[in-house]
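Encoded as structure tokens, the structure appears first; notes follow it.
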Protein chains: 2
Amino acid sequence: MERQSPRALRRLKRIERENSLRKLVESNPLLTDEDLAEMLKVSVSTIRFDRARLGIPEVRERMREMAERARSMLRSLSPEEMTGELIELKINESGISVLETTQEMAFKGSNIIREIYTFAQASSLAMALIGSEEVLIGRARVSFKHPVRVGDKIVARSRVANRKGNKFLISVHSYVNDVEVFVGHFIVVSLGKGG
Amino acid sequence: MERQSPRALRRLKRIERENSLRKLVESNPLLTDEDLAEMLKVSVSTIRFDRARLGIPEVRERMREMAERARSMLRSLSPEEMTGELIELKINESGISVLETTQEMAFKGSNIIREIYTFAQASSLAMALIGSEEVLIGRARVSFKHPVRVGDKIVARSRVANRKGNKFLISVHSYVNDVEVFVGHFIVVSLGKGG
DNA sequence: GTAGCTATTAAGACTAAGTGTTATGAGGTG
DNA sequence: CACCTCATAACACTTAGTCTTAATAGCTAC
């Protein structure tokens, strides 16, 4: 183990530092060269050379990338958007919503959409049917008939099938190109007034 | 309608521009003063004065804010994190996951967690139980026993109740402080090998 | 009609967090 | 000794601002 020359050791030290640098930047892309220099106990110049070697862009560029990616991801992942767009709504009667699926909604390394999204669209549509602010899902019986793929546009149609007091039985059928991909029956409970 | 003095008209024009500015920046926070100046057909100086009046920070600050917010939101909203953390897993037998709930997971203006998250945690835990890459949910019967609130830590316990070929019946019970908040029965289908 | 107000534009000096290039020095090597 | 690698430093430049202070255009009020 003592066979390494001091020169090789110095090189090793540099490579080690570069690995740390990579990890640091990855875990927190908002660190400036100065921050990094302090953390790794080297000068700012060294950090700059390291970054150049590793092809890591400057903090502002990293920020810009994050902000941009965030803009598109937050769109597709925010509760507002993962539930689809309401295109028809008759309170206490029926409603239709459409969800455009994107890569972010798919299983990693696959183009199959996670069932959560189909469920989220259907359940939020069911809840929207009730003309009340405070609504909760009690039970649900759902069936995923057919896998949905990235790019598919899911059309969910729902209607109130039954009502007993503040409990609504709502059925939702979702389609992709007229193929039924999902059927769900939700029991939704309205807590506030107005339901 | 002709009663307005030219002076008042000029003021109106400015206020109108400031409204446009506000909207532009809100819809795309990554626009520089130069971009904005071009869009609104005024000089960069004017944009700077307007921003100062309106208290809109510079583009880099806006970027930083977005990037920062993105970091925390992506954490809580990304499929990886909205499904909780696996803390125990016996393939084809049983598993436990824990989900820490945050404000982002709640209904707007409320501290009640959207049912989707309980469902997402449970369904992904059910899928994780199967030792196969390609897994789909066939059916599910779920019951939301009790509302979950922001800050609650949901512990989901699941086990394989039955198996017929590549179809698994998996039950999941979720608790917050030993109170059962969710029960679900999932039929999960394994497509790949290894199940 | 000239002084004054408002909105806009411009100009000057400064900042952060870089870029890219070119020294300079410290340690070790052939 | 000359040479190499690595770390550091020094210098000029960039972007997208900051803050302050003019300068101008267009109208108004006395």
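Just so it is clear, the model here is predicted, and its values are computed rather than measured. Letters A, B, ... mirror the listed sequences (proteins, then strands); counts begin at 1.
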Could you go through residues 166-180 of chain B and list every donor-acceptor pair under 3.5 Å that involves a side-chain atom there, pairing it with any protein atom two or more places apart or in another chain?
residue	atom	partner	partner atom	Å
B:N166	ND2	B:S190	O	3.1
B:H173	ND1	B:E180	OE2	2.7

Ring pair (Phe, Tyr, Trp, His ring centres under 6.0 Å) partners for B:F186, two or more places apart: B:F119
Output all residues satisfying ring pair (Phe, Tyr, Trp, His ring centres under 6.0 Å) with A:F49, sequence neighbours left out; order by chain, then residue number. none
Report the distance from atom [atom1] of [X] to atom [atom2] of [N], rounded to the nearest whole Å.
X	N	atom1	atom2	answer
B:I15	C:dT8	CD1	P	10 Å
A:E18	D:dT5	CD	C1'	13 Å
B:L30	D:dG17	CG	P	11 Å
B:R14	D:dG26	CZ	P	19 Å
B:R64	D:dG17	CZ	P	15 Å

Quick one: do B:Y117 and A:F107 end up in the same hydrophobic cluster if we chain Ile, Leu, Val, Met, Phe, Trp and Tyr together by side-chain heavy atoms under 4.5 Å apart?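 Both belong to a single hydrophobic cluster.
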Identify whether B:L99 and B:L86 are in the same connected component of the hydrophobic contact network (ILVMFWY, side-chain heavy atoms under 4.5 Å). yes
With sequence neighbours left out, which residue pairs that include part of residues 22-32 of chain A fulfil the salt bridge (Lys or Arg N to Asp or Glu O under 4.0 Å) condition? none
What pairs of donor and acceptor atoms, side-chain ones from residues 50-67 of chain A against any protein atom, are under 3.5 angstrom apart with sequence neighbours left out?
residue	atom	partner	partner atom	Å
A:D50	OD1	A:R17	NH2	3.0
A:D50	OD1	A:R53	NH2	2.5
A:D50	OD2	A:R17	NE	2.7
A:D50	OD2	A:R17	NH2	2.9
A:R51	NE	A:D33	OD1	2.9
A:R51	NH1	A:I56	O	3.0
A:R51	NH2	A:D33	OD1	3.4
A:R51	NH2	A:D33	OD2	2.7
A:R53	NE	A:E18	OE2	2.6
A:R53	NH2	A:E18	OE2	3.3
A:E58	OE1	A:R60	NE	3.0
A:E58	OE1	A:R60	NH2	2.9
A:E61	OE2	A:R64	NH2	3.3
A:R62	NE	A:P29	O	3.0
A:R62	NH1	A:P57	O	2.7
A:R62	NH2	A:P29	O	3.3
A:R62	NH2	A:L31	O	2.5
A:R64	NH1	A:E68	OE1	3.4

Does anything in [range] reach DNA chain C, meaning a heavy atom under 4.0 Å, and if so which residues?
range	answer
residues 42-52 of chain A	A:R48, A:F49, A:R51
residues 33-41 of chain A	A:D33
residues 55-63 of chain A	A:E58, A:V59, A:R60

Taking only residues two or more places apart in sequence, or in another chain, which ones meet B:V98 in a side-chain contact (heavy atoms from CB on, under 4.5 Å)?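 Counting only residues at least two positions away or on another chain, B:V98 forms a side-chain contact (heavy atoms from CB on, under 4.5 Å) with B:I87, B:K153, B:V155.
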A:S94: partners by side chain to side chain donor-acceptor pair (under 3.5 Å), with sequence neighbours left out: none
Going by side chain to side chain donor-acceptor pair (under 3.5 Å), name the residues that satisfy it together with B:N111, two or more places apart in sequence or in a different chain.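 So B:N111 forms a side chain to side chain donor-acceptor pair (under 3.5 Å) with B:R149.
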So, the side chain of B:N19 versus the backbone of B:E16: is there a donor-acceptor pair under 3.5 Å, distance only? no
Would you find a donor on one side and an acceptor on the other, under 3.5 Å apart, between the side chain of A:Q121 and the backbone of A:I154?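 Pair found, side chain donor or acceptor close to backbone of A:I154.
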What's B:R17 touching, base or sugar-phosphate or nothing? Going by heavy atoms closer than 4.0 Å.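 Counting heavy atoms under 4.0 Å across all strands, the contact made by B:R17 is with sugar-phosphate only.
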Do the side chains of A:H185 and A:I187 get nearer than 4.5 Å, heavy atoms only? no
To the nearest 10°, let me know how far the axis at one end of the helix from C:dG1-D:dC30 to C:dG30-D:dC1 is tilted from the axis at the other, five pairs an end. 30°
